[in-house]
2 protein chains.
Amino acid sequence: MAIMADSPADRVEQAVAARLRSHDVRFTTTRRLVVRTLAGARGPLAAGELHQALPRAVPLSSLYRTLAVLEESLVLAKQHDDLGMGRYELAEWLTGHHHHLVCESCGEVRDVTVSPETEQTITALVSRLASRAGYRATGHRIDIQGTCRACRAL
Amino acid sequence: MAIMADSPADRVEQAVAARLRSHDVRFTTTRRLVVRTLAGARGPLAAGELHQALPRAVPLSSLYRTLAVLEESLVLAKQHDDLGMGRYELAEWLTGHHHHLVCESCGEVRDVTVSPETEQTITALVSRLASRAGYRATGHRIDIQGTCRACRAL
DNA sequence: TTCCTTGCAAACGATTTGCATTGGA
DNA sequence: TCCAATGCAAATCGTTTGCAAGGAA
């Protein structure tokens with residue numbers, strides 16, 4: 001039997017495993033399931049959504065603890081959506097830099113990537129704006145509000 | 001005594017008064033104080049900050065109700081910061097379109113405006129990205145993360 | 001054994017709401 | 001007068017934490 005090529009999800013999982021190992025944090029079953037689920041998602045998930053999406057039941061308190069551990073290990077990044085709910089996604093060193101598309105009708109949040117050239121333009125703009133106000137820019141976040149196709153079809 | 005020229009804050013207050021009138025919503029003292037305070041702020045304020053900043057004590061529950069009324073009347077816009085706390089600011093039809101600078105050290109959020117030309121470039125980019133994913137863009141939000149001068153001096 | 005991780009239940013903090021009271025057009 | 005606005009206290013909801021039990025090294 002031939003050796004299988006790594007799927008992107010596999011590569012993510014291996015990278016996470018390495019990172020956790022080097023931080024002396026165990027890669028338990030629940031943690032692995034969370035990483036896998038987020039790797040398969042199209043955008044950041046709220047704790048409740050993740051709770052639904054997991055292949056096996058995990059109490060919310062445990063899930064939150066898992067998320068906290070993975071966030072501290074910089075495996076996950078946490079944001080808050082327009083309703084103030086925490087949303088979790090794989091950190092950008094695992095997925096690449098990207099932005100979010102938010103459907104104002106159903107609340108879905110979806111990843112979008114920008115070409116490196118455009119991203120560079122944005123970064124330059126952002127740095128300029130920041131320094132003009134006495135800030136040193138370290139990053140940026142762009143949320144595009146809109147309506148998804150499904151909601152428009154309703 | 002000569003008639004005083006309207007200050008920007010006055011103009012905002014008059015515009016708000018007109019809007020509330022046409023929506024049959026009273027412009028009470030507390031509501032006026034909230035609008036004035038937000039008009040004088042450098043960025044969106046959390047309910048707690050607003051509570052501190054108001055010239056006279058207003059119970060938090062009343063403050064939240066005031067904020068809800070003003071938000072429904074589209075006088076205020078509400079966002080959530082990185083910690084998930086609600087932050088309120090005057091709606092963009094009163095202040096103009098702008099973005100936010102967020103100090104990752106002290107949490108301060110400050111308004112920044114972008115030149116119309118740049119803003120137009122951003123809008124075009126955003127529309128393109130959205131439609132590529134089947135979305136129709138209706139707006140965008142840019143948060144610039146960084147460190148403010150005060151925090152850098154520490 | 002010795003930590004780390006789990007699950008349940010209780011605690012939390014921001015925000016919201018029920019209800020009786022107050023106040024302005 | 002009379003409905004809207006207020007203040008207080010209690011309820012909500014997402015999230016966090018204390019503590020005892022279970023698991024892996």
Side-chain angles (χ1 to χ4, degrees), chain A residues 16-17 19-38 44-73 75-89 107 109, chain B residues 13 16-38 44-73 75-89 107 109:
Chain A
V16 171
R19 165 142 221 140
L20 293 185
R21 208 179 306 123
S22 75
H23 282 238
D24 290 306
V25 174
R26 292 186 200 158
F27 202 9
T28 63
T29 308
T30 301
R31 292 173 189 172
R32 195 177 295 272
L33 288 178
V34 165
V35 168
R36 248 181 229 170
T37 304
L38 287 176
L45 299 185
E49 294 170 348
L50 197 43
H51 183 252
Q52 303 282 321
L54 288 175
R56 84 178 157 81
V58 174
L60 268 178
S61 66
S62 299
L63 179 52
Y64 277 112
R65 260 194 280 242
T66 300
L67 293 169
V69 167
L70 293 176
E71 195 191 350
E72 277 166 38
S73 305
V75 167
L76 298 188
K78 179 184 186 179
Q79 285 201 345
H80 288 267
D81 65 20
D82 290 338
L83 283 70
M85 294 234 297
R87 287 189 170 270
Y88 299 84
E89 63 184 354
V109 183
Chain B
E13 217 170 303
V16 171
R19 168 141 219 142
L20 293 185
R21 209 179 305 125
S22 76
H23 281 240
D24 288 307
V25 175
R26 292 185 199 161
F27 203 9
T28 63
T29 308
T30 301
R31 291 174 189 171
R32 194 177 296 270
L33 288 177
V34 165
V35 168
R36 249 181 228 169
T37 304
L38 287 176
L45 298 185
E49 294 170 347
L50 197 43
H51 182 252
Q52 303 282 323
L54 287 175
R56 83 178 159 79
V58 174
L60 270 176
S61 67
S62 299
L63 179 51
Y64 276 113
R65 260 195 279 240
T66 299
L67 292 169
V69 167
L70 293 176
E71 194 191 352
E72 278 167 38
S73 305
V75 167
L76 298 188
K78 179 183 185 178
Q79 284 201 344
H80 287 268
D81 64 20
D82 291 337
L83 283 70
M85 294 233 296
R87 285 187 173 271
Y88 299 84
E89 63 185 355
V109 184

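Letters A, B, ... are given to chains in the order of the sequence lines, protein chains preceding strands, and every chain is numbered from 1.
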Span of DNA chain C, from the first to the last nucleotide whose atoms fall under 4.0 Å of chain A heavy atoms: C/dC4 to C/dA9

Passing candidate, side chain to side chain contact (heavy atoms under 4.5 Å, CB included) with A/Val34, options A/Leu70, A/Thr29, A/Leu45: A/Leu70

Sorted by number, the residues of residues 48-70 of chain B with heavy-atom contact under 4.0 Å to DNA chain C: B/Ser61, B/Tyr64, B/Arg65

Interatomic distance, A/Leu76 atom CG to A/Glu89 atom CD [nearest 0.5 angstrom]: 9.0 Å

Distance in Å, B/Gln52 CD paired with B/Thr37 OG1, rounded so as to fall on 0.5 Å steps: 12.0 Å

Partners meeting side chain to side chain donor-acceptor pair (under 3.5 Å) with A/Arg87 (sequence neighbours left out): A/Glu49, A/Asp81

Nearest-Å distance for atom pair CG/C1', residues B/Asp24 and D/dC3: 13 Å

Counterpart residues, salt bridge (charged side-chain N to carboxylate O under 4.0 Å, His left out), relative to A/Arg26 (two or more places apart): none

Any residue meeting side chain to side chain contact (heavy atoms under 4.5 Å, CB included) with B/Ala17, in chain and number order, not counting sequence neighbours: B/Arg21, B/Phe27

Check residues 57-69 of chain B and write down every donor-acceptor pair under 3.5 Å in which the side-chain atom is one partner and the other belongs to a residue at least two apart or another chain.
| from | atom 1 | to | atom 2 | distance (Å) |
| --- | --- | --- | --- | --- |
| B/Thr66 | OG1 | B/Ser62 | O | 2.9 |

Separation of A/Glu71 CD from A/Lys78 NZ (nearest 0.5 Å): 6.0 Å

Gap between atoms CG and C1', on A/Leu83 and D/dT15 respectively (whole Å): 16 Å

Interface polar pairs with nucleotides 21-25 of chain D, N/O, under 3.5 angstrom:
none

Set of side chain to side chain donor-acceptor pair (under 3.5 Å) partners for B/Thr30, sequence neighbours left out: B/Arg56

Nucleotide D/dA5, atom C1' - distance to CG of B/Leu20 in whole Å: 14 Å

Rounded interatomic separation in angstrom, taking CG from A/Asp82 and P from D/dG14: 16 Å

Sugar-phosphate, base or nothing in reach of B/Gly86, heavy atoms under 4.0 Å: sugar-phosphate

Considering all heavy atoms, the nearest B/Met85-B/Ala46 contact: CE-CB, 4.0 Å

Rounded distance [0.5 Å steps], CG in A/Leu54 versus CZ in A/Arg36: 11.5 Å

